[in-house]
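Structure first, then comments.
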Amino acid sequence: MTGRIVVAGASLGGLRAAEQLRAAGWAGRITVIGDEPHPPYNRPPLSKEVLAGKASFASLAFTPKPSAADVEWRLGTRVAAARLAERTVALDDGSVLSYDSLVVATGMRPRRLRCPGPVAGRYTVRTIDDARALRAGLTRTGVRVVVVGAGFIGCEVAATAVGLGAAEVTVVDPLPLPMVGPLGELLARTLLTRHQQRGVRFMLGAGVAGFEGDDRVTAVVLSDGTVLPADVVVESVGSVANTEWLDGNGLDLGDGVLTDEHLRVGGRPEVVAVGDVARFPNVRYDGVPRRVEHWSMPADSAKHAAKVLVGGDAGLAPFAPLPTFWSDQHDFRLQSFGAPVLGLGDVRVLDGDPSGDVLVGYHRDGLLVGVVALGGPPAARAAARYRADLLKQPALTP
């Protein structure tokens with residue numbers, strides 16, 4: 001088997017795609033292209049252990065499997081455009097590569113606030129370089145931190161900043177509770193209380209109107225007129241899919257890259273998408289195409305996509321992963337299996353109590369579709385025991 005497969009994106013999804021292509025029997029060339037200068041590395045610790053100084057940046061690097069030792073890596077280079085009909089990609093260094101098959105693994109980038117005011121002093125957390133810059137800001141004596149966005153990353157960074165001894169840590173979000181979108185009101189209220197008990201202040205129900213300061217941010221102005229003094233601002237307001245390079249190919253790029261149930265893009269058997277950039281229908285649930293921004297998704301999707309590229313989909317069941325996520329905040333962990341967001345209308349405590357370790361179940365049409373544990377290791381183990389039950393559930397109706 002000869003020819004070349006180009007993998008656009010050199011993060012975890014790109015690495016796993018290269019490894020899985022070799023595992024599926026592809027013996028031809030594999031070229032992986034990534035805009036960061038760093039080899040693939042683990043991102044979740046950036047907002048926690050690495051930011052807190054408990055793990056080194058060097059410890060994040062993944063070690064490719066021996067089968068992928070001959071993969072060509074072109075790092076520090078961005079894919080600028082693609083011509084799918086011609087099977088070529090153009091890079092920002094001016095070169096053009098032809099391919100037999102293409103893996104879309106370009107992932108996401110942080111969404112940025114479009115508000116008046118200075119840019120210096122405003123940070124995101126997505127890359128090693130982001131985390132290095134933010135850690136330098138957080139470790140200054142008496143630092144006042146404003147985190148914009150009470151989602152996963154925002155809450156993790158707030159917890160880390162408190163642990164580092166920041167003088168003030170304030171989380172701002174227009175929603176009424178932290179992480180209420182993915183968790184629902186019951187756990188969101190519990191999460192709010194636990195953060196407040198550990199020193200995090202919340203300003204909820206208000207957005208950001210602008211930033212004050214000359215050359216650097218000195219305050220955050222909220223939509224209700226409140227002014228929050230700030231030395232460091234962390235923007236955690238969602239992500240944007242890196243799909244601009246695919247413009248002009250007739251694809252649905254409204255939210256990531258739309259694929260079919262086998263992760264093929266635009267009906268093309270030679271193009272697949274993996275990781276959190278892929279918007280795919282999961283027949284385990286209702287078949288509605290969705291992106292999944294969880295750590296397990298790059299590996300799960302890469303394994304399926306590689307089989308499709310190398311051997312086709314004959315006899316291959318549709319891609320139907322069981323999503324999994326965790327989030328470490330302060331001294332507790334959120335651990336989830338399944339799709340809680342599909343069961344926010346029917347949330348029940350399965351075990352424990354919100355004041356301590358608690359396990360919550362999310363139901364749709366009477367079926368358990370997801371579980372979330374909040375607390376210590378016993379709670380996480382309790383959630384894991386429901387994994388087999390979730391895998392056996394019949395598919396939901398659309």
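Heavy atoms only: backbone and side chains are in, while hydrogens, waters and symmetry mates are out. Source: prediction; values computed, not measured.
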Using a strict cut-off of less than 4.0 Å between a Lys/Arg side-chain nitrogen and an Asp/Glu carboxylate oxygen, indicate whether [X] and [Y] qualify as a salt bridge.
X: Arg291; Y: Asp276; value: no
X: Asp70; Y: Arg29; value: no
X: Asp389; Y: Arg387; value: no
X: Arg74; Y: Asp93; value: yes
X: Arg109; Y: Glu244; value: yes
X: Asp328; Y: Arg333; value: yes

NZ or CZ of Arg198 within 45° of Phe332 ring axis and under 6.0 Å: no
Distance under 6.0 Å and angle within 45° of ring axis: Arg43 vs Tyr41: yes
Hydrophobic cluster of Phe319, others only, ordered by chain and residue number, side-chain cut-off 4.5 Å: Leu263, Phe280, Val292, Met297
Connected-component partners of Val119 among ILVMFWY, side-chain separation under 4.5 Å: none
Those residues that, when tested against Phe202, pass ring-ring contact (aromatic ring centres under 6.0 Å, His included) (two or more places apart): His195
Is a donor on one side and an acceptor on the other found under 3.5 Å between the side chain of [X] and the backbone of [Y]?
X: Glu19; Y: Lys65; answer: yes
X: Thr139; Y: Arg135; answer: yes
X: Asp357; Y: Gly376; answer: yes
X: Ser336; Y: Val371; answer: yes
X: Asn249; Y: Leu84; answer: yes
X: Thr160; Y: Ser47; answer: yes

Heavy-atom check, side chain of Arg4 versus side chain of Leu97, under 4.5 Å: yes
Set of side-chain contact (heavy atoms from CB on, under 4.5 Å) partners for Val162, sequence neighbours left out: Val169, Val200, His330
Qualifying residues under side-chain contact (heavy atoms from CB on, under 4.5 Å), relative to Val180, sequence neighbours excluded: Leu175, Leu177, Ala188
Pair listing, salt bridge (charged side-chain N to carboxylate O under 4.0 Å, His left out) test, anchored in residues 300-322, at least two apart: Arg264-Asp313
Any residue meeting salt bridge (Lys or Arg N to Asp or Glu O under 4.0 Å) with Asp173, in chain and number order, not counting sequence neighbours: none
For Asp35, salt bridge (Lys or Arg N to Asp or Glu O under 4.0 Å) partners two or more places apart: none
Residue list, side chain to side chain donor-acceptor pair (under 3.5 Å) with [X], at least two apart or on another chain:
X: Arg216; value: Tyr123
X: Asp353; value: Ser355
X: Ser239; value: none
X: Ser301; value: none

Donor-acceptor pair between Glu72 and Thr31 side chains, under 3.5 angstrom: yes
